[in-house]
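Below: the structure, in structure tokens.
Since we're looking at a predicted model, the values are computed, not measured.
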Amino acid sequence: MAGDFDGDTTDTDPNYDLFVKWPDGELTIYQDVGTRGLRGKSAVLAASSTWTHARVLAAGEFGANNWEDDVFVRWSDGEVSVYGNTQADALGREYQLVPPPTGFAAPAAAKSDDPCARVCGPVLYRRSTR
């Protein structure tokens, strides 16, 4: 999927990044892909069996900044989560948007001082790594 995970795209200089989830669960971002082709890459995470369960990924601009750096994931158990403000070298914090159906593990409890607990509600909070 494409997005702007290094925050350097402008209207006059579009250079979006390519986010790849490999079959072994490794996540890789190729920065500034465009007519110049693939430049370098920065692995976001090493191969992780958790990410082999990601079924649909989409990037978008839904946060407070002007970059398409929010990553939405639909997991094999039906859960949908978002990693807000994902960067070229690290995933953003995970927030659960749709819990898995009954019978799957419940999300972690929200911390009382967490801003998402106040804005999103405690049941939407999710730990920052899987």
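In this structure, OG1 in T28 is found 6.5 Å from CH2 in W22, a value given to the nearest 0.5 Å. Distance NE2/H53 to CD/E79: 12.0 Å, rounded to 0.5 Å. Put simply, CG on L91 and CD on E94 are 9.0 Å apart, with the number rounded to the nearest 0.5 Å. Rounded to the nearest 0.5 angstrom, D4 CG and T86 OG1 are separated by 12.0 Å. Distance check: D24 CG to S48 OG gives 9.5 Å after rounding to the nearest 0.5 Å. A distance of 11.5 Å separates CE of M1 from CD of E68, quoted to the nearest 0.5 Å.
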Requested in this report: In sequence, state the C-alpha distance, the side-chain angles, and the governing distance for L18 and I29, and then conclude on side-chain contact (heavy atoms from CB on, under 4.5 Å).
Outcome: CA-CA 6 Å; L18 178 64; I29 291 181; over 6 Å; no
**Report entry** Stepwise side-chain contact (heavy atoms from CB on, under 4.5 Å) test for W75 and V56
**Finding:** CA-CA 7 Å; W75 299 97; V56 179; over 6 Å; no
Requested in this report: For side-chain contact (heavy atoms from CB on, under 4.5 Å), just list the numbers for D32 and D6, CA-CA rounded to whole Å, side-chain angles, deciding distance to a tenth of an Å, and then say yes or no.
Outcome: CA-CA 8 Å; D32 301 336; D6 58 5; 3.0 Å; yes
**Report entry** Step-by-step side-chain contact (heavy atoms from CB on, under 4.5 Å) determination, D17 to V33
**Finding:** CA-CA 5 Å; D17 309 318; V33 175; 5.9 Å; no
Query raised in the report: Could you go step by step and tell me if Q96 and S81 meet the side-chain hydrogen bond (donor to acceptor under 3.5 Å, both in side chains) rule?
Result: CA-CA 4 Å; Q96 183 185 63; S81 53; over 6 Å; no
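Proximity of a side-chain donor or acceptor of D70 to a complementary backbone N or O of F62 within less than 3.5 Å is detected. No side-chain donor-acceptor contact under 3.5 Å links D69 to the backbone of F5. Of the possible polar contacts, one joining the Q87 side chain to the N85 backbone as a donor-acceptor pair under 3.5 Å is found.
Of all heavy-atom pairs spanning A59 and A2, the tightest one is CB-O, 3.4 Å. Residues P101 and D77 approach most closely at CD-O, 2.9 Å, considering heavy atoms. Heavy-atom minimum distance, V73 versus A54: CG1-CB, 3.8 Å.
Between Y83 and F72, the distance from one ring center to the other does not fall under 6.0 angstrom.
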